[in-house]
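Chain identifiers are assigned alphabetically (A, B, ...) following the order of the sequence lines, protein sequences preceding nucleic acid strands; residue numbering begins at 1 within each chain.
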Amino acid sequence: MNVENIVLDYCRRAGEALYGAQNADLQVSKTRREFVGDYTLVTFPLLKLSHKNPEATAQQMGEWIAANCPAVSGFNVIKGFLNIELGGSFWLDILRSIQTTKNYGTSPSTRRTVMVEYSSPNTNKPLHLGHVRNNLLGYSVARILEAAGNKVFKVNLVNDRGIHICKSMIAWQRYGNGETPLSSGIKGDHLVGNYYVAFDKAYKAEIAELVASGMSEDEAKKEAPIMREASAMLLKWEAGDKEVRDLWRTMNGWVYDGFDVTYKEMGVCFDKIYYESETYLLGKKLVEVGLAKGVFYRRDDGSVWIDLREDGLDEKLLLRADGTSVYMTQDLGTALARYSEFEFSDMTYVVGNEQNYHFTVLKLILKKLGYQWSDAIYHLSYGMVELPEGKMKSREGTVVDADDLMASMVEEARVMSLELGKLDGLSQQESFQVSRKIGLGALKYFILKVDPRKTMLFNPAESIDFNGNTAPFIQYTYARICSLERKVSSLGIVLCDELPTVVLDDKEIELVKLLAEYPATISAAAADHSPAIVAAYAYQMAKVYNQYYHEHPILRDGVSESDRALRLALSRVVASVILSAMSLLGIEMPDRM
RNA sequence: GGUCUCGUAGCUCAGUUGGAUAGAGCAACAGAUUUCUAAUCUGUAGGUCCAGGGUUCGAAUCCCUGCGGGAUCACCA
């Protein structure tokens, strides 16, 4: 249903017939609003073959197309631009076919398996705004890739081991007095996070004390008793010490319970969850392979490295002298294990752009080891969420907590809905659901409408808008159409399935044109791994429909039966496309608000 | 310092592989509701696309230089 390609095809045929232009690099784009026409051909690339000036070339092309392509109703030439108009009946046919297409917008199966890894939290503190962007992006990208016809596996690699976990555990042992989520009523991830903070506080105090007694700061950082305890605990963990493992399992369990609640509220989910405690030994075999191939080398102390200086990078450690592996080693091993299991044709890692270097190296090493599928790895390198005063810092207490943020958005939506009287006549349960959809929708859209790669700003002092380019705006459009349809059925109006043969006006053509772009929009968003493209599309759709809604009465007296049928049919298609697009963003739509 | 990245309206952001006179939202101002939901719609105002050079029919977009912000350059993950 890509109308642009249809028109491009006309132009190709014209170019070939007139100038013998085979495979000419022709460009067709949507005609800008200030000109008459639907699609525009830029004729400059044809001039070498036509041996005419731009105007004459455009004129000749236009005449040929108008004469040979029945769908084209007219054309005009401005400078080197040929504006092509398509007839109303053409658009009516397009609308008809959209209307009857099941799952309109989605592509047929490509039979490709793709994986999306996202979230990947540490288990020592609750999720914050940065994780929110990660989770929303990951989930949405997965949905979009699915709509583009791929078999998608959403995976989460939980960082559940390491010194940072031990810090929370030590602090809990020291200061916890047996506190549990049950005993205190604190959500598990927050409770563990509190002890991580407690560790940091005690650690700093000990460092200060040591420095005061004459020790250098660097030494104090290593020698502080609480840090030594944490390091000792990590060794015990690695040795499989029962007591340490039990506590580790218990506290991680609290965190997972907490995460589950947050994930559920965010509306994200996974097909498979990996735990680093189970994958951190992967990759050691790969080190042997690399050594055998001469890609890696061993130093005198026994550590293993790869020299990437010829590629403009540095030397990278893969195995410590004591034989333990590092982050890169496990990631290599995990990638290989996943490829063996899934043979993915696209493996997207949703990870912040602070790890660009890591992924550049990861892909390069796999390439050097001879794994061609290294090319299938895509690092969706999203930008940080910054506050007006800069990056979020847990030490300075400027972290925006995910649970708090979501709760406050829902509350804000509730207050605003009450003020506007939108909740009148709804049950408590219904009001809550409406507020939830609006509040979370506003938050999700606010984050997803921005190009993932760009750093974005969040100002906690200014609440997220509910008007303009926002989810509530789009949801409102949808709710109004639902309301319209409720009214239709309550009035007992019976509609014919067939679209009437009417003449579409400009606004209607604009709507159909936009509807026709939906499949290409999904494809573009999938290719670019960018939910922002879908968000922009949904907004544009809602905006144009709202204008249409204002100018075109539907159920009022005096509207002809055929107009009414067309307008309702158009409204229905718009509503379903908006619903579909928003679902790709993970945003739920209320049918009243 | 090396590498990467960003710089568009007061603010937050769009701007497809280079295409016509640079686009939205918010904020500001002026309007629209006897009507299918005004969380809507219409209009006004707001720009040295960081600066300078280059490439060409044409540059916010590509190249170079400079300025400014951010990330990264761990035997942390």
Cation-aromatic face contact Arg298(A)/Trp305(A), 6.0 Å, 45 degrees: no
Any residue meeting side-chain contact (heavy atoms from CB on, under 4.5 Å) with Pro121(A), in chain and number order, not counting sequence neighbours: Ser119(A), Leu127(A), Asn156(A), Val158(A), Phe259(A), Tyr263(A)
A51(B) and G10(B), which share atom name P, separated by this distance in whole Å: 13 Å
Results of side-chain contact (heavy atoms from CB on, under 4.5 Å) for Tyr39(A) - residues two or more places apart only: Val3(A), Glu4(A), Val7(A), Val28(A), Lys30(A), Leu86(A), Trp91(A), Lys513(A)
Most 5' of Ala413(A) and Asn122(A) on RNA chain B, judged by nearest nucleotide: Ala413(A)
Partner set under ring pair (Phe, Tyr, Trp, His ring centres under 6.0 Å) for Phe199(A), not counting sequence neighbours: Tyr203(A)
By side chain to side chain donor-acceptor pair (under 3.5 Å) - contacts of Asp465(A) (at least two apart): none
Touch class at under 4.0 angstrom, heavy-atom based, for Thr360(A) against every strand present: nothing
Set of ring pair (Phe, Tyr, Trp, His ring centres under 6.0 Å) partners for Phe432(A), sequence neighbours left out: none
Sugar-phosphate only, base, or nothing, as touched by Arg453(A) at under 4.0 Å among non-hydrogen atoms: nothing
Stretch residues 316-325 of chain A: residues that reach within less than 4.0 Å of RNA chain B through a heavy atom: Leu317(A), Arg320(A)
Whether Trp248(A) and Trp237(A) hold their rings parallel, tilted or perpendicular, with breakpoints at 30° and 60°: perpendicular
Listed partners of Ala536(A) passing side-chain contact (heavy atoms from CB on, under 4.5 Å), at least two apart: none
Listed partners of Arg133(A) passing salt bridge (charged side-chain N to carboxylate O under 4.0 Å, His left out), at least two apart: none
base_contact_polar (C75(B) base, Asp301(A) side chain, donor-acceptor, <3.5 Å): yes
Annotated protein contacts, base or backbone, on nucleotides 11-21 of chain B with a non-hydrogen cut-off under 4.0 Å, one of B, S, - each: -SSS----BBS
Touch class at under 4.0 angstrom, heavy-atom based, for Gln355(A) against every strand present: base
Any residue meeting ring pair (Phe, Tyr, Trp, His ring centres under 6.0 Å) with Tyr196(A), in chain and number order, not counting sequence neighbours: none
Within residues 470-483 of chain A: residues closer than 4.0 Å to RNA chain B (heavy atoms): Phe473(A), Tyr476(A), Ala479(A), Arg480(A), Ser483(A)
Residues that Asp424(A) engages under side-chain contact (heavy atoms from CB on, under 4.5 Å), provided they are two or more places apart: none
